[in-house]
Amino acid sequence: MAPQTRGTSFPKIVIERDYDTEESSEEEEEHEEDDEALNDSEEASDEERLEEKDEASTSTKKRREPITISLKRVCKVCKKPGHEAGFRGATYIDCPMKPCFLCKMPGHTTMNCPHRVATEFGVSPAPFKSSHSSLEYVFERQIKCRLPAMKPAYVIPNKVNCAVIRYHSRRVTCLEFHPTKNNILISGDKKGQLGVWDYGKVHERIVYGNIHGCILNNMKFNPSNDGTIYGASSDGTVSSTDLETGISLSLVNLNPNGWQGPRNWRMLYGLDMNSDRGVLLAADNFGLLYMMDVRSNDVTGKPILIHKKGSKVTGLHCHPLQPDLLMSCGNDHFARIWDMRRLEPGSSIYNLPHKRVVNSAYFSPQSGSKILTTSQDNRIRVWDSIFGDLDSPSREIVHSHDFNRHLTPFRAEWDPKDVSESLVVVGRYISENFNGIALHPIDFIDVTTGQLVAEVMDPNITTISPVNKLHPRDDVLACGSSRSIFIWKPEENSELKRERDETKIILCGKSEKSGKGKLDDDSGDDDTYGSKSSKTKKPCIKSKVHGGKRKC
DNA sequence: AATTCATGAAACC
DNA sequence: TGGTTTCCCTGAAT
């Protein structure tokens, strides 16, 4: 089955950019070939040799050899001549000397990687092994029977419905849908700012700037009061913010004495709420877990080492049904399952090894019986039953979501609506040439088969979309790409519906260079465009930024 | 159009 | 083990 949206022509109705982006980019690169001649002709004229004398005589190091710089055309990846890596038009040519950028195996490039198949990424199935445990028996009898055997047809939100371009002043790091109000999306960014956007009323949005000093890594709604949201930040604090007022209080501050050097600065990443116990859990970059009582808004007990000492705990997730189960994942290449009743260093129930850093680890959203992890080894792993064999993942799905220090780490996210607990959304790192444009799609993967169900892209979104969240009730996808946020909905096919099929785009400030005191100065630059050809600009509410900035 | 910078993990010594 | 170097499909500004 071909994935949705693949190969189809782009819809006529597209996002209109601001009027000052005039380049029509119509000229297509026709010279796809014929570059080899350059390599063969030993361009001696281009070849220069520069000698750099060792001027660092003040340094106590021994004299360095003169550096010879060759200006001959070489591959930027392996520095060898004869080939060049990089974009040729909208197609990326890999360096053949490096392992495959997708599956990390040597001997081929992404171009002919067996995992880069049009409709299906690679899957390594693991044989079913029965553990014959009583827990597995319970699972088979009581839980698995509740999971429908037939999977309903997936409804894929494949068209941008509305967007705020340059909404945040830095890249988006996390997204949360409001648990009860359907059109409210909360977003966090690298600067620690928190956005509240009513994408139903497209113009109603606000950005609170005084909550955190740097990266807002994870957010979690307070289940007993959905007017407030918790946030864990690299500034070392956990915040509780009132969404109406933007007034925030700190539940914990791990850096009460300010900046004492990088070895002492504590950053909070993982965050989740255990409502049964009334505790908020957060974890830091030194491997420690902190617990906060949500009634007293105070830390309870001492921090517990749950990952390798000094390593970052990237994520926390409480089991949706079993309040005693907690999952954590981190830079020590493990996802770990814990019993909340016995939380002490080394007492994890299971340790799920990965080849690289684990960006995220989630129980499945409804039964909690499956586990989904995203690792920096470019693989999504699935364990089909937490009661079955956890020694090895049930499936490993090769998928391009490489680590890049300038991107928010990718996290494969369950579709919370999918009763079969098999649909997952994840952004893709490597681009593909879609009608002459290099685009980075957002992938929908059926993790029971590893099949790519849909790849979703828009010719106006040329940036990578590492942050994706599916709505808990509606067929809506929210995606954070660079500083912008996009709302996707299923495309309505009929011509009648097309009449009201309008993409609403809000363009915020062009740049933030002049904003010393304030952030996005979007005066006069903030407009909505109907995606039809009408150029009538509508008035709108400006993005609000509250408070100042803190150093991180 | 080419260059610069932001700055995290792994490889390297 | 620890400090240093590297860097690779980025994105935005200059």
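Please read all numbers here as calculations on a predicted model, not as lab measurements.
There is a side-chain donor-acceptor pair under 3.5 Å between T408(A) and R171(A). Looking only at atom types and distance, the side chain of T463(A) has a donor-acceptor partner in the side chain of S481(A) under 3.5 Å away. Judged purely by distance below 3.5 Å, without hydrogens or angles, the side chains of S169(A) and K190(A) never pair a donor atom with an acceptor atom.
Using a 4.0 Å heavy-atom criterion, one finds that K104(A) contacts no nucleic acid atom at all. Using a 4.0 Å heavy-atom criterion, one finds that R356(A) contacts the sugar-phosphate atoms exclusively.
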Atom pairs, N/O to N/O, protein against nucleotides 6-10 of chain C, distance under 3.5 Å?
{"from": "dC7(C)", "atom 1": "N3", "to": "R405(A)", "atom 2": "NH1", "distance (Å)": "3.2"}
{"from": "dC8(C)", "atom 1": "OP1", "to": "V77(A)", "atom 2": "O", "distance (Å)": "3.2"}
{"from": "dC8(C)", "atom 1": "OP2", "to": "K76(A)", "atom 2": "O", "distance (Å)": "3.3"}
{"from": "dC9(C)", "atom 1": "O2", "to": "S431(A)", "atom 2": "N", "distance (Å)": "3.1"}
{"from": "dC9(C)", "atom 1": "O2", "to": "S431(A)", "atom 2": "OG", "distance (Å)": "2.7"}
{"from": "dC9(C)", "atom 1": "N4", "to": "T110(A)", "atom 2": "OG1", "distance (Å)": "3.1"}

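Here the SG atom belonging to C329(A) is positioned 11.5 Å from the CD1 atom belonging to I337(A), to the nearest 0.5 angstrom.
At least one side-chain nitrogen or oxygen of S482(A) sits closer than 4.0 Å to the OP1 or OP2 atom of dA12(C).
Spacing between atom CD1 of I461(A) and atom P of dG11(C) amounts to 12 Å, rounded to whole angstrom units. Atom-to-atom, CZ of R263(A) to C1' of dT4(C) comes out at 14 Å; the value is rounded to the nearest Å.
dT4(C) and dC8(C) have their P atoms separated by 22 Å, with the value rounded to a whole Å.
Taking the ring axis of F101(A) as reference, the NZ or CZ atom of K104(A) stays within 45° of it and closer than 6.0 Å to the ring centre. Annotation: cation-pi pair R266(A)/F286(A) present, NZ/CZ under 6.0 Å from the ring centroid and within 45° of its normal.
Between K190(A) and V357(A), the residue anchored closer to the 5' end of DNA chain B is K190(A), taking for each the nucleotide with the nearest heavy atom.
Evaluation of the salt bridge (charged side-chain N to carboxylate O under 4.0 Å, His left out) rule for K469(A) yields E176(A), E413(A) as partners, not counting sequence neighbours.
Chain A approaches DNA chain B over the interval dA6(B) to dA11(B), counting the first and last nucleotide 5' to 3' with an atom under 4.0 Å from its heavy atoms.
When the options N217(A), T237(A), D189(A) are evaluated for a side-chain hydrogen bond (donor to acceptor under 3.5 Å, both in side chains) with H212(A), the one that passes is T237(A).
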